[in-house]
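Shown next, in structure tokens, is the structure this report addresses.
Below, chain A is the first sequence line, B the second, and so on; all start at residue 1.
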2 protein chains.
Amino acid sequence: MSKQGDGAKEGEGFMAGLAIDAVIFGFHDRQLKVLLLEYKSTGLFALPGGFIKDTEDVDDAAKKMVTRRTGLHDIFLEQFYTFGDYSRFDPEPMRAIMSAKGTMPPSDHWLLQRFITIGYYALVDFTQAIPTPDEISDSCKWYQLDALPVLMQDHALIIKKALETLQVSLDQKLTGFNLLPEQFTMGELQSVYETILGKTLIRAAFQRKMLSLDILELVAKKMTGKAHKAPYLYRFVKK
Amino acid sequence: MSKQGDGAKEGEGFMAGLAIDAVIFGFHDRQLKVLLLEYKSTGLFALPGGFIKDTEDVDDAAKKMVTRRTGLHDIFLEQFYTFGDYSRFDPEPMRAIMSAKGTMPPSDHWLLQRFITIGYYALVDFTQAIPTPDEISDSCKWYQLDALPVLMQDHALIIKKALETLQVSLDQKLTGFNLLPEQFTMGELQSVYETILGKTLIRAAFQRKMLSLDILELVAKKMTGKAHKAPYLYRFVKK
DNA sequence: TCTTTATTGTAACATTTTGTTACAATAGTA
DNA sequence: TACTATTGTAACAAAATGTTACAATAAAGA
């Protein structure tokens, strides 16, 4: 299930019963964060979502929606699973939200029907994103993955599955780099890996492995102001 | 897009614009096979498909559909991707099929609308499956993966993506075992791996690796009637 | 019965990858 | 100038994988 897409009125022009939800990951302060919308009327939080126009690619709908919530273009964005259990169906939160907004919807309102949602996850540079609420939410903010608020419907499950997908694809597709600014130290990269995998890695082995992949380019030294050797800044080389 | 689901009339009781397609893999004669339906009126072949009842889990709909086409229960079945490009939309094949069946559908017929399809892949024991056509197809047969007929819409792409998913999950989830009968030789298992990965493996290393995983149980010797040492039959030990 | 043939199971060694420990280099502090 | 904390990397160990070789053996042929 999902938030109101821009300009969605009575569901005209949109694919019925189908939504998109995005797990937008950021990395800051050695922590993985997820972007969530808040609905004060229900006390619930939700993943940013949207709908698919009748003539629109689903990937494009997802991309546009993530751009609206973050202000970012050229985002790493991948579909990971489609959630279609009937038990997901629970119109109550949406009804409460709509009532609080002043409209008492009829029970056959399109937003109160069963939705199947296509899950995407995005990896963004935390320092560049500008969280932006949608029309019916009260806020859009980052939350620590290990301290999430109570989420609407099965959104906690969606986040869990997104993380599992990320863990598997981390080495294989080198997705982790998408969470860092253009330039980063080896320690920062290692901490991204450690946070996503949920375990500590051996520094020497990690550094050797990363350098052996021939995907890092040394940029400069980074003077940290600390009393020890300055780390190098690296940049991810796109093949 | 997809074939007619059992009892689907005018789309009532089904999720609109949503379909399921299954890439059902079998293994026989050292070859990977895929189950396809034929529509003689169009000269086209298609993946087995179906629709989702309004109150049904998508996984259940997929499971039932695969059971209808194979006669098998307890199938290895996994969702792998949802295909949602607008360019998939092409009502012509379905219109031709329906016309050939005697009904000239109005152009707003529900089966001629845009569909987004949820892709599943299944791994079945070739020797146990009983291919069964659906109501509007002329046949249901196995086809070699490397010699597929011309397929409807983007079904060739769907098969390609299913194979890629299978290749990645082969080691990780040990999915390959689901393509073999209960008992099999190490050579048969290796040939499943080689066919799926599209490359030859080193026999000694493969055998050592498989045995080291502690997932194989030795059952008996298999007298092949050939003039050489008889191989052992193994069985996959479910944890 | 004995030899031949083709294939299997596995040992032995080589190579590569990963785990572990150690240490020199160094930016700032005392 | 010594001290501290962290980085980069070498060196060795252990584990995993690649490669070669060979004994075991079921059936066919002499």
message: B:E38: which residues meet the salt bridge (Lys or Arg N to Asp or Glu O under 4.0 Å) condition with it, sequence neighbours left out?
response: none
field: Partner residues of B:Y234 under the side-chain hydrogen bond (donor to acceptor under 3.5 Å, both in side chains) criterion, sequence neighbours left out
entry: none
d(NZ, A:K199; C1', C:dT18) in whole Å: 12 Å
query: What string of B, S and - do you get for nucleotides 13-18 of chain D, 5' to 3', if B is base contact, S is sugar-phosphate-only contact and - is no contact with any protein heavy atom under 4.0 Å?
result: ----BB
field: Interatomic distance, A:R203 CZ vs D:dG8 P [rounded to whole Å]
entry: 8 Å
- request: Could you tell me which residues satisfy salt bridge (Lys or Arg N to Asp or Glu O under 4.0 Å) with A:E164, sequence neighbours excluded, listed by chain and number?
  value: A:K160
- prompt: Can you name the salt bridge (Lys or Arg N to Asp or Glu O under 4.0 Å) partners of A:K64, sequence neighbours left out?
  reply: A:E56
message: Between P on C:dT7 and NZ on B:K229, what's the gap in Å once rounded to a whole number?
response: 14 Å
task: Take atom CG of A:L233 and atom C1' of C:dA27, then tell me their distance rounded to the nearest Å.
output: 15 Å
task: Any salt bridge (charged side-chain N to carboxylate O under 4.0 Å, His left out) involving residues 204-215 of chain A? Give me the pairs, sequence neighbours left out, ordered by first then second residue.
output: none
query: Under 4.5 Å between any side-chain heavy atoms of A:L189 and A:M210, yes or no?
result: yes
statement: residues 167-176 of chain B vs salt bridge (charged side-chain N to carboxylate O under 4.0 Å, His left out), sequence neighbours excluded, gives B:E78-B:K173
DNA chain D-proximal residues of residues 181-197 of chain B, any heavy atom under 4.0 Å: none
query: Could you state the CE-P distance from A:M210 to D:dT9, rounded to the nearest angstrom?
result: 15 Å
statement: Taking for B:Q207 and for A:A204 the nucleotide of DNA chain C with the nearest heavy atom, the one nearer the 5' end belongs to B:Q207
task: Answer yes or no: is there a side-chain heavy-atom contact under 4.5 Å between A:D154 and A:F83?
output: yes
field: Rounded distance (Å) that lies between atom P of D:dG8 and atom CG of A:L211
entry: 9 Å
Anything under 3.5 Å between a donor and an acceptor, one on a side chain of residues 22-33 of chain A, the other on a protein residue two or more places apart or in another chain? List them.
unit_1, atom_1, unit_2, atom_2, d
A:Q31, OE1, A:Q144, NE2, 3.3

task: Rounded off to whole Å, could you give me the OH-to-C1' distance for the B:Y232 and C:dT10 pair?
output: 11 Å
